[in-house]
Amino acid sequence: MSVEKPTAYSYLRFSTPEQHKGDSFRRQAVLSRRYAEKHGLELNEALTFQDLGVSAFKGKNVSSGALGAFLQAVDEGLISPGSYLLVESLDRLSRAEVLTAFRQFTDILDADISIVTLADEQLYTKDSVNQNVGQLFTSLGIMLRANEESATKAKRLSQAWAHKRKEAAENGKRLTSVCPAWLEPDGDSFRSIPERAEVVKRIYAMTLDGIGKNAIIKRLNQERVPTFGRSRGWYSSYVQKILEAESVTGVYQPMRVQYDA
């Protein structure tokens with residue numbers, strides 16, 4: 001008579017698109033399979049929880065991500081007690097403030113779900129954390145360090161953008177490479193793309209002549225005037241967007257403005 005294997009679920013997370021281009025996803029997936037095989041677990045690969053490009057610093061992986069879906073599945077009994085959650089390390093679960101991270105960690109253990117950190121093959125259970133003070137302090141230390149690292153990165157990024165905004169305001173330096181479709185980056189500034197700028201001017205000229213948006217897009221499409229993106233044709237909504245854009249007259253509208261107190 002065969003004994004049913006405990007079920008394991010893998011939780012894969014990385015926080016930036018650059019990590020997707022690298023080895024992060026493959027490494028975490030391989031570690032999950034190896035651990036399951038080594039310890040006689042049935043890895044449920046049909047139900048893998050993935051937060052790809054989602055940060056755990058502000059808890060988005062819980063509030064609107066796959067980890068939140070896992071926790072809900074546990075609450076609803078869709079994931080049985082005695083199951084395993086496989087993660088590369090505890091900082092993949094959370095980089096939130098330590099009390100928030102620890103409460104989430106213990107909620108999983110209280111539901112009789114074992115947590116395995118694949119990087120060091122550490123097994124956390126409700127009993128092991130209660131009985132092993134060293135494991136308790138280790139988990140808290142990892143959570144504290146993860147939050148501090150993310151907080152430091154967030155602070156540095158905020159300072160860098162504050163400096164960029166200041167340079168943009170004081171010296172006219174380009175803040176970002178993102179710009180209207182009829183412009184392109186040029187050193188610290190932007191330059192117009194001549195053929196696209198002429199289309200914008202033409203749209204305004206036709207509007208001033210009393211020609212409506214539908215007639216404008218009909219004329220542009222009939223003449224096969226190239227669009228500014230991947231669209232195969234011109235649409236009234238985009239023409240309206242151009243007509244309402246203050247950037248046409250050179251006005252820059254940053255998403256955030258910082259004032260000194």
Q) Would Tyr238 and Thr227 count as a side-chain contact (heavy atoms from CB on, under 4.5 Å) if you check the C-alpha gap in whole Å, the side-chain angles of each, and the deciding distance to 0.1 Å? A) CA-CA 10 Å; Tyr238 191 67; Thr227 62; over 6 Å; no
Quick one: does [X]'s side chain get under 4.5 Å of [Y]'s, heavy atoms only?
X: Ser139; Y: Leu90; result: yes
X: Leu41; Y: Thr7; result: no
X: Phe70; Y: Ile113; result: yes
X: Gln104; Y: Leu67; result: yes
X: Phe105; Y: Ser94; result: no
X: Pro180; Y: Val200; result: no
X: Leu71; Y: Asp107; result: no
X: Leu93; Y: Leu85; result: yes

Taking every non-hydrogen atom, the tightest pair across [X] and [Y]:
X: Phe102; Y: Leu136; answer: CZ-CD1, 3.4 Å
X: Leu43; Y: Ala36; answer: CB-CB, 3.8 Å
X: Thr117; Y: Asp120; answer: OG1-OD1, 2.6 Å
X: Gly82; Y: Pro6; answer: O-CB, 4.0 Å
X: Asn214; Y: Ser236; answer: OD1-CB, 4.0 Å
X: Ser192; Y: Leu183; answer: CA-CD2, 3.6 Å

How many angstroms lie between atom [atom1] of [X] and atom [atom2] of [Y], to the nearest 0.5 angstrom?
X: Leu86; Y: Asn44; atom1: CG; atom2: CG; answer: 11.0 Å
X: Ile115; Y: Lys126; atom1: CD1; atom2: NZ; answer: 13.5 Å
X: Tyr124; Y: Ile108; atom1: OH; atom2: CD1; answer: 12.5 Å
X: Arg95; Y: Thr100; atom1: CZ; atom2: OG1; answer: 15.0 Å
X: Leu99; Y: Met143; atom1: CG; atom2: CE; answer: 10.5 Å
X: Gln240; Y: Ile203; atom1: CD; atom2: CD1; answer: 11.0 Å

Q.
For a side-chain contact (heavy atoms from CB on, under 4.5 Å) check, start with the C-alpha distance between Glu45 and Arg33, then their side-chain angles and the critical distance, and finish with the verdict.
A. CA-CA 9 Å; Glu45 297 193 72; Arg33 294 190 191 101; 3.0 Å; yes
Would a hydrophobic clustering, with Ile, Leu, Val, Met, Phe, Trp and Tyr connected at side-chain separations under 4.5 Å, put [X] with [Y]?
X: Val129; Y: Val116; answer: no
X: Val225; Y: Leu243; answer: yes
X: Tyr9; Y: Tyr35; answer: no
X: Val74; Y: Leu78; answer: no
X: Leu123; Y: Leu118; answer: yes

Q: Decide side-chain contact (heavy atoms from CB on, under 4.5 Å) for Trp182 and Ser247; before the verdict, give the C-alpha distance in whole Å, the side-chain angles of both, and the deciding distance to 0.1 Å.
A: CA-CA 10 Å; Trp182 54 89; Ser247 54; 3.7 Å; yes
Q) Can you check whether Ala181's main-chain N or O pairs, donor with acceptor, with Arg196's side chain at less than 3.5 Å? A) yes
Q) Should Val199 and Ile242 be marked as a side-chain contact (heavy atoms from CB on, under 4.5 Å) after you check the CA-CA gap, both sets of side-chain angles, and the distance that decides it? A) CA-CA 10 Å; Val199 174; Ile242 290 175; over 6 Å; no
Q | Flag for Ser128-Gln135: side-chain donor and acceptor within less than 3.5 Å | A | yes
Q. In terms of side-chain heavy atoms, does Thr125 have a donor or acceptor partner in Asp127 at a distance below 3.5 Å?
A. no
Q: Using a strict 4.0 Å threshold on nitrogen-to-oxygen distance, state whether Glu198 and Lys201 make a salt bridge.
A: yes
Q. CZ of Arg202: more than 12 outside heavy atoms within 6.0 angstrom?
A. yes
